[in-house]
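I have placed the structure first, in the form of C-alpha cells, so that the comments after it can refer back to it.
Counting starts at 1 for both ligands and their atoms, in listed order.
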Amino acid sequence: MSQQKYYITTPIYYPSGKWHLGTCYTTVICDALARFKRMQGYDVFYLTGTDEHGQKIDDVAKSVGVPVKEYIDKVVKELRELWGLLDISYDKFIRTTDDYHEKAVQKIFEKLYAQGDIYKDEYEGYYCKPCESFWTKSQLVDGKCPDCGREVSLMKEESYFFRLSKYQDRLIKLIEENPEFLQPKSRQNEMLNNFLRPGLQDISVSRTSFDWGVKVPFDPKHVVYVWIDALTNYITALGYGSDDTTLFEKYWPADLHMMGKEIVRFHSIIWPAILMALDIPLPKKVYGHGWLLLSGDKISKSKGNAVDPVILSERYGVDAVRYYLLREIPFGQDGSYSNRAFISRINSDLANDFGNLVSRSTAMCSQYFGGIVPERGEIEEVDKSLIDVCNGAYEKVAKAMDSLLVPEALEEIWKIIIRANKYIDETTPWLLAKDESKRARLQSVIYNLIEAIRMANVLVSPFLTKSYVEVFKKIGVTDEYLEGFGSLEFGTMRSGAKVEKGEALFKRIDIEKDVKELEAIAEKAEAEKNKKAEKKEDEKAENTVTFEEITIDDFAKINLRVGKVASAEKVEKADKLLKLGVDLGEGRIRTVVSGIAKWYAPDEMVGKEIILVANLKPCKLRGIMSEGMILCASDEDGNLAIVSPSKPMKAGSEVR
Ligand code: MSP
C-alpha cells in the first residue's frame, strides 16, 4: 500500500519583527501534529513561511529607515531562528518574495482575469492597514475596524475585483454540508451568520497607492492585494504555477490549514472561492484556534503585553514552552497566559510527574540492579492496571490528535505517567529490596516501571522534542524500533539495557522567586523599549529642529521673572518631578512643578534663583496646580542646568 500523505500548513507570518509567545502557538501546535503523523507513518509535508508584501510591512521598514527587502531579510532570519529554537520541523519555508511564488501569483491573477473572475472597476471603501482588510461603511463598528477596533481610512481608487459574490451559494453549501471543512463548529456559525448569509460582495484585489507587492502583469501600476498573494502560498509552495508540479500533485489538497480565529474568514471564504475559480480541489480542513491572552487581551507586541518565548526557553527549556502551549490552552478556545500558571505546569506535570518518575525509577534500577534493566517476571494483579493503561494509550492519544484535541492527547499520555508513579507507591520497591525472597518480584516491578516510561516517552516524543531524547538515553533505549509507535505493546523492551541516573529532567522551580524575576525582566524590557522609543522621538525632533522666527511682539507676550525658591520637595510617585515654592515678590509663594528631580535634590534647590515663565497658563501636574515654568538648559548627553541670573537679583525682577 502506498504511504498516505498529510499536508499541514500554518499561516505565513508577517515579518513584523514582533514575536511573542502567542506567535508561536500555531507553529508549535502544527509541529506536534506533523511529528505525530510522521510517527504514524504518514508522508508529511509541513509548510510555514512569511507574508512579506503589503503596505504594513513597507511602512514598518520605512519607519526604521531601511530598504524594505533588507529589513525583511533580517527579520525572516530571526523568525527562522525562533522556529529553530522551538524545534519546528517544517518541510518548507516559503517567502512571498520568492521569485517562483511571485510568478505563480501573476499567473493565477492573469488566469482569473482572462476567465472573468477578476474585473476592473473603481473602489471606494474603508481600509484597515494593520489587518490589510477592506470594509464597507455598514461593516464598521463605531466607525472602526470590526476585527481589531483600530482606525480605518476611506479609500477611493481604480481597482481589480474578484467575483466573490459568484461563489456565495457554493460556499454556504460547502460549510453547511461538510461540517468537517471548518472547525471548530463555532467558526461555522460565525462565518455563515456574519458573512455568508448576509451576502458576499466582490472584493478589491489590487492596489495602486503603494508598490510593495506582486505587480499585476498586464497593468503594473497595480499590485496584487496582499491576502490574495498570501493565500496562494499554500499551492505555490508545492509548485503550482511553475514548471514542476510534482509536489502539488502529491500533496494537494491540504489536509489541514491551521490558523488563529481572526483570519478564519480569509481561509474559509476567500481562499475556497479562489480555489473554486481555479477549479482546484478544496482543502480538507480549516481550523481556527483561539488566542493566547494576557490579562484578557490577545498577546501582541503592539499592545505592549508580549511574553518573550526566547527568554522562557532559555530559563526553563524549549520543552517547557512547547508543553505549556500544547497542554494549557483548551484547543479551539482562548487561553490565558500567566507566569504563575506557566511555572505551575512545569512543576506539576514535568518536574513532579514525568521527571520524578524517571529519576525515581532509574535510581532504583541503579541501586538494586547496577543499572541494568532486569528480566520481566510473573504478572501480578497490581501490574495489570499499569499495563492496561500503557497498552490502551496509543489509541486514545491518536484519536485525540485526529480530532485536533492536543491537550487531551497529552492528558492521555500523562495517565501512564501518573499511573506509574502510583504503581511505585503501591509496590513499594524499597521494601521488596529488603527481602531477598522478593528479588524476582522486585525485578518485575523495576522492569514494568522502565517499560511504562519507555511507552510514555514514545508517545511524548512529538511534543517534547528535547526531553524524549534524554529519557531514552536514561533508560538505555538505543533501538529505533523501541522509539516508534510500532513498539507500543507492553513488554516489547528487552532486559539488559543500561540505565543512566544523571541529572533531573526538569528542575522544580521556586514559583514566588521566579514570578518576581520574570516580572522584573518584563519591566526592564518595557523600560528599555520606552527608552528606545523616547530616544527615537528625540532624534526625530533634533533632526527636524528649525528655528521658527517670531516677532518682538511675540516675545513680548512672554513674561519672564526672577524667582527665589523658598521650598522644594519631591512629588509622590513621580520620580521626575519636584514641587517648588517660588517667591516672585508678589506677596505670596507660587507653586511650580518642574521635571528636574533627576538633576537637583530638593535641598539643593532651596535658596536658588531661577527664571520663571510667569504668565504661563496654570496647569495640573500629578494633581498639583503648577503656576509657571522654570527655564533650564539641556544637551543631547542628558545634562540639564537651571538658568539663573549671573548675580543676585531681587525676586520678581523682569527678564528681557
Ligand atoms: N500574514 C497573515 C496570515 C496569512 S496566511 C495566508 C497573519 N500573520 S500573523 O503573523 O499575524 O499571524 C500568524 C499566526 O500567529 C496566526 O495564526 C495568528 O492567529 C497567530 N497568532 C498571533 N498572535 C496570537 C496569539 N496571541 N495567540 C494565538 N495565536 C496568535 O495573520
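- Heavy-atom proximity to Ile263, at under 4.0 Å, picks out these atoms of ligand 1: 3 (C), 31 (O).
- Residue Pro11 has at least one heavy-atom neighbour below 4.0 Å for each of these atoms of ligand 1: 3 (C), 5 (S), 16 (C), 17 (O).
- Ligand 1 lies less than 4.0 angstrom from a heavy atom belonging to Gly290.
- Within ligand 1, the atoms closer than 4.0 Å to a non-hydrogen atom of Glu262 are 18 (C), 19 (O), numbered from 1 in the order shown.
- For the 3.5 Å distance criterion, the side chains of Ser467 and Asp319 qualify, holding a donor opposite an acceptor.
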After noting the C-alpha distance and the side-chain angles of His20 and Val307, does the key distance pass the side chain to side chain contact (heavy atoms under 4.5 Å, CB included) rule? CA-CA 5 Å; His20 49 78; Val307 181; 5.5 Å; no
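- Of the listed residues (Tyr13, Tyr337, Trp227, Trp291), the one carrying the non-hydrogen atom nearest atom 14 (C) of ligand 1 is Tyr13.
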Does the pair Phe109 and Ile118 meet the rule for a side chain to side chain contact (heavy atoms under 4.5 Å, CB included), with working shown? CA-CA 8 Å; Phe109 202 94; Ile118 285 180; 3.8 Å; yes
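- Within the structure, the closest approach of His20 to ligand 1 falls below 4.0 Å when heavy atoms are considered.
- Contact atoms of ligand 1 toward Met259: 17 (O) (distance under 4.0 Å to a heavy atom of the residue).
- Listed by number with element, the atoms of ligand 1 under 4.0 Å from a non-hydrogen atom of His289 are 28 (C), 29 (N).
- Between the side chains of Tyr316 and Asp514, at least one donor N or O sits under 3.5 Å from an acceptor N or O.
- Every atom of ligand 1 is numbered from 1 in the order shown, and the set under 4.0 Å from a heavy atom of Asp51 is 1 (N), 2 (C), 4 (C).
- Across the listed options Gly22, Pro130, Cys24, Gly260, Gly22 owns the non-hydrogen atom lying nearest to atom 29 (N) of ligand 1.
- Around atom 5 (S) of ligand 1, the closest heavy atom drawn from Tyr14, Tyr25, Phe266, Tyr234 belongs to Tyr234.
- The atoms of ligand 1 that sit less than 4.0 Å from any heavy atom of Leu231 are 6 (C).
- Closest approach of Cys131 and Tyr14 over heavy atoms only: O-OH, 4.4 Å.
- Of all atoms in ligand 1, listed by their number and element, those nearer than 4.0 Å to a heavy atom of Ala230 are 6 (C).
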